Protein chains: 2
Amino acid sequence: MKEAQPKTTAATVADVARLSGVSKATAARVLGGYGTVSDKARDTVMQAAQALGYRPNELARSMTTGRSGTIGVVVGDIENPFFGSAVRGISDAARASGFNVVLANSGEDVAAERMAIETLVAKRVDGLIVSPAQDSAIGHLEDIGHAGRPLVLLDRAIAALAVDSVTADDRQAAEAVTRLLVERGHRHIAYVTACDTPTHLYRDTRDILTASVRERIEGFLQVGAQAGIADMPRWVRLGANTSDAARRLTIDLLGAATPPSAIIASDSLIALEIFKIAREQGIAMPDALSLVTFHDAAWTAVTTPSVTVVRQPVYDMGEAAARMLIERLNGETCAPRRLILPTQLVERASVAVPGTADAGPRIRRL
Amino acid sequence: MKEAQPKTTAATVADVARLSGVSKATAARVLGGYGTVSDKARDTVMQAAQALGYRPNELARSMTTGRSGTIGVVVGDIENPFFGSAVRGISDAARASGFNVVLANSGEDVAAERMAIETLVAKRVDGLIVSPAQDSAIGHLEDIGHAGRPLVLLDRAIAALAVDSVTADDRQAAEAVTRLLVERGHRHIAYVTACDTPTHLYRDTRDILTASVRERIEGFLQVGAQAGIADMPRWVRLGANTSDAARRLTIDLLGAATPPSAIIASDSLIALEIFKIAREQGIAMPDALSLVTFHDAAWTAVTTPSVTVVRQPVYDMGEAAARMLIERLNGETCAPRRLILPTQLVERASVAVPGTADAGPRIRRL
DNA sequence: TTGAAAGCGATACCAT
DNA sequence: ATGGTATCGCTTTCAA
């Protein structure tokens with residue numbers, strides 16, 4: 001038992017000062033590690049601090065310095081491995097620079113996102129990293145800047161917002177994926193996303209309020225159209241934002257008069273659900289149905305067939321976002337940077353390939 | 001543009017008070033939502049607050065109230081889907097009660113864990129939820145109590161620590177899994193875990209410093225011994241704490257003079273690696289190698305063969321932990337509760353089963 | 001090098 | 001119902 005803490009209240013700078021017989025200012029200087037103090041004073045104070053079990057109160061410290069050493073992170077769903085990796089990247093980079101991470105889940109809901117941001121700003125985080133659920137309502141994002149805190153957008157840039165962002169090259173990746181499918185002879189290609197519109201129907205690319213998804217759909221539509229496929233938009237399916245929804249939507253899609261011969265899943269959660277259904281319904285993959293997904297989730301390599309994916313550098317994206325934010329916190333004032341990280345097309349076995357066996361993945365830079 | 005914020009500094013209670021012509025105390029009352037104020041005063045103040053773009057400073061608020069409305073969470077690896085789900089559970093429960101979550105990654109390193117806890121306590125989180133990397137060094141965990149903050153242990157209880165904990169029924173689950181394997185005729189069953197000892201060798205169950213893993217190994221050893229299998233301990237393999245380590249270790253295991261006919265993977269990350277290797281090396285599953293893992297990760301249902309798993313109620317565990325913590329924060333003072341949630345054995349197709357086809361999972365309560 | 005005292009932005013007690 | 005003021009724990013001038 002080396003606890004000297006008299007069950008009363010935590011020791012403060014004042015207590016330490018009193019015990020060591022120096023002024024509060026001097027004690028604070030050694031305890032806070034700033035200013036100049038004599039070695040003798042330092043020793044006495046440290047000793048007293050030790051005896052009292054002194055622990056600094058970061059809250060009080062933040063209040064006077066105006067910095068909390070904390071960055072706020074708002075993501076759509078921490079349960080999604082995509083965000084899991086990103087948060088890990090952020091977290092590692094943050095700690096390397098001595099910052100903490102406060103995490104908030106928006107559930108892809110703008111109202112929740114708005115509240116989370118408000119709270120985080122009220123808690124005086126030094127800066128924020130946000131994966132905005134939509135890029136239409138951006139008032140709460142602008143408020144971050146008004147509050148004097150830097151903001152970095154993760155995975156989803158917003159054209160109307162002049163702030164740093166880190167995204168993957170979604171447009172190009174979607175084009176490559178669609179092209180691959182078209183080259184393999186597919187004419188009925190569906191694109192399934194968690195994004196939604198009030199009507200749950202896709203009408204116009206402007207209805208898609210998540211930037212990354214919109215870019216993917218644009219790429220998808222364009223390549224399809226170029227290939228002379230009629231009525232591409234009808235193949236865009238919205239609202240697969242829960243596993244149940246994804247399931248219903250996919251079953252519906254596969255049971256239609258003209259089912260798709262290939263599906264592009266906008267995230268790995270959707271791909272997983274599609275995979276399950278294909279299995280349950282005995283739909284042979286890739287022969288009867290080809291599948292491609294964004295995000296090289298760990299499991300995509302071990303299924304039969306293994307899944308062809310767009311590999312996004314998710315961890316790196318998180319890390320880069322944190323780095324950029326910390327640069328701003330350290331005084332960087334350059335113009336907003338829109339960092340776009342390259343992706344890779346990892347060709348595995350879930351796309352019907354005319355005479356190639358499953359001989360390990362073929363990886364292509366995009 | 002409805003920003004009235006004069007680029008100077010954020011509006012404070014004093015500013016609002018001044019503009020609305022009332023005292024600081026009154027303004028604080030309406031802004032803070034406490035005490036009693038006349039409707040008229042409320043209106044004026046709210047209006048002034050609006051005009052000034054007043055945002056409360058939670059830091060200052062926390063300092064006087066002593067509560068921050070924040071709970072700290074320390075997990076081993078947020079990238080691990082297990083913790084992803086748990087954190088989601090915590091996060092949802094926390095928000096439902098108006099709490100925020102500060103997340104820290106320990107990387108399963110005690111020193112990092114200690115630092116994370118120290119920081120969180122210094123930041124005056126109201127309470128903590130921790131998945132302790134080891135149950136040997138518990139000084140820093142005891143400090144949490146000394147600092148007057150409640151602590152809830154997640155996934156790993158510590159006998160020597162009298163605090164609330166939420167775990168799965170690891171011991172029983174391990175017994176059931178091992179029994180299943182034994183019943184299927186396996187005599188060479190390996191147990192692979194991320195846990196490690198200084199020598200990387202398993203000698204004694206007391207060397208295992210992670211409670212949940214120790215319980216599992218105990219169950220594993222006991223059932224094996226009961227079944228008359230000699231030299232069980234040699235089948236325990238430690239240190240699969242990165243995908244590379246898991247890979248090396250598994251390759252080593254499978255290449256040995258007497259390779260195991262079945263492997264129990266302590267987490268889904270290890271199982272994934274084993275699955276990959278079996279595939280690469282053309283080892284037929286489940287015929288040549290059976291596999292069982294703890295944690296019903298999403299992908300385990302879609303592989304070929306699908307993987308038999310111990311389903312732990314991970315999200316619920318996180319949720320329960322947060323609930324218990326919040327109860328403490330609301331004044332609950334009962335004796336420490338050790339909540340042990342039941343698991344399920346989900347029998348799928350990765351264990352050689354004498355004449356049963358893959359006809360959907362068979363689920364057993366444990 | 002050290003100390004006294006003024007904040008930081010809210011809450012809370014005590015009068016009025 | 002309202003106002004004045006001490007207070008929380010620390011940092012930060014400003015003098016000495």
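The figures that follow rest on heavy atoms only: side chains count, while hydrogens, waters and symmetry mates do not. Residue numbering restarts at 1 for every chain, and letters A, B, ... go by the order of the sequence lines. Every value quoted in this text rests on a predicted model; they were computed, and no experiment measured them.
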TODO: May I have all residue pairs that pass side chain to side chain donor-acceptor pair (under 3.5 Å) and include part of residues 96-110 of chain A, sequence neighbours excluded?
DONE: A/E108-A/R156

TODO: Using the test salt bridge (charged side-chain N to carboxylate O under 4.0 Å, His left out), find all partners of B/R88 that sit at least two apart in sequence or belong to another chain.
DONE: A/D77, A/E79, B/D92

Task: Within residues 12-22 of chain B or reaching into it, pairs that qualify as salt bridge (charged side-chain N to carboxylate O under 4.0 Å, His left out) - sequence neighbours excluded - done: B/D15-B/R18

Open item on the list: Check B/E319 with B/R323, please: is the shortest side-chain N to carboxylate O separation under 4.0 Å?
Closed with: yes

Task: A/L128 and A/V121: CA distance, side-chain angles, deciding distance, side-chain contact (heavy atoms from CB on, under 4.5 Å) verdict - done: CA-CA 9 Å; A/L128 284 100; A/V121 170; 4.2 Å; yes

- [ ] At under 4.0 Å between heavy atoms, which parts of nucleotides 4-16 of chain C does protein reach? Answer with one letter per nucleotide, 5' to 3': B base, S sugar-phosphate only, - none.
- [x] B--BBBBBBB---

TODO: Scan for side chain to side chain donor-acceptor pair (under 3.5 Å) pairs involving residues 25-38 of chain A, sequence neighbours excluded, and state none if there are none.
DONE: A/S23-A/T26

Open item on the list: Students should find this one: the first and last nucleotides of DNA chain D, 5' to 3', lying under 4.0 Å from a heavy atom of chain A. What are they?
Closed with: D/dG9 to D/dT12

Task: Angle by which the axis turns from one end of the helix from C/dT1-D/dA16 to C/dT16-D/dA1 to the other, five pairs per end, to 10 degrees - done: 30°

Task: Partners passing salt bridge (charged side-chain N to carboxylate O under 4.0 Å, His left out) against A/D164 (at least two apart in sequence or in another chain) - done: A/R328, A/R337

Task: Distance-minimising heavy-atom pair for B/L151 and B/L325 - done: N-CD1, 4.2 Å

Open item on the list: Suppose the criterion is salt bridge (charged side-chain N to carboxylate O under 4.0 Å, His left out): which pairs have a residue in residues 113-141 of chain B, not counting sequence neighbours?
Closed with: B/D135-B/R214

- [ ] Could you list by number each residue of residues 36-44 of chain A showing a heavy-atom separation from DNA chain D of less than 4.0 Å, or answer none if no residue does?
- [x] none

Open item on the list: According to side chain to side chain contact (heavy atoms under 4.5 Å, CB included), who are the partners of B/R338, at least two apart in sequence or on a separate chain?
Closed with: B/A157, B/S165

Open item on the list: I'd like to check the ring-ring contact (aromatic ring centres under 6.0 Å, His included) partners of B/F83; sequence neighbours left out, ordered by chain and number.
Closed with: none

Task: Pairwise distance OG1(B/T44) to CG(B/L19) - rounded to 0.5 angstrom - done: 10.0 Å

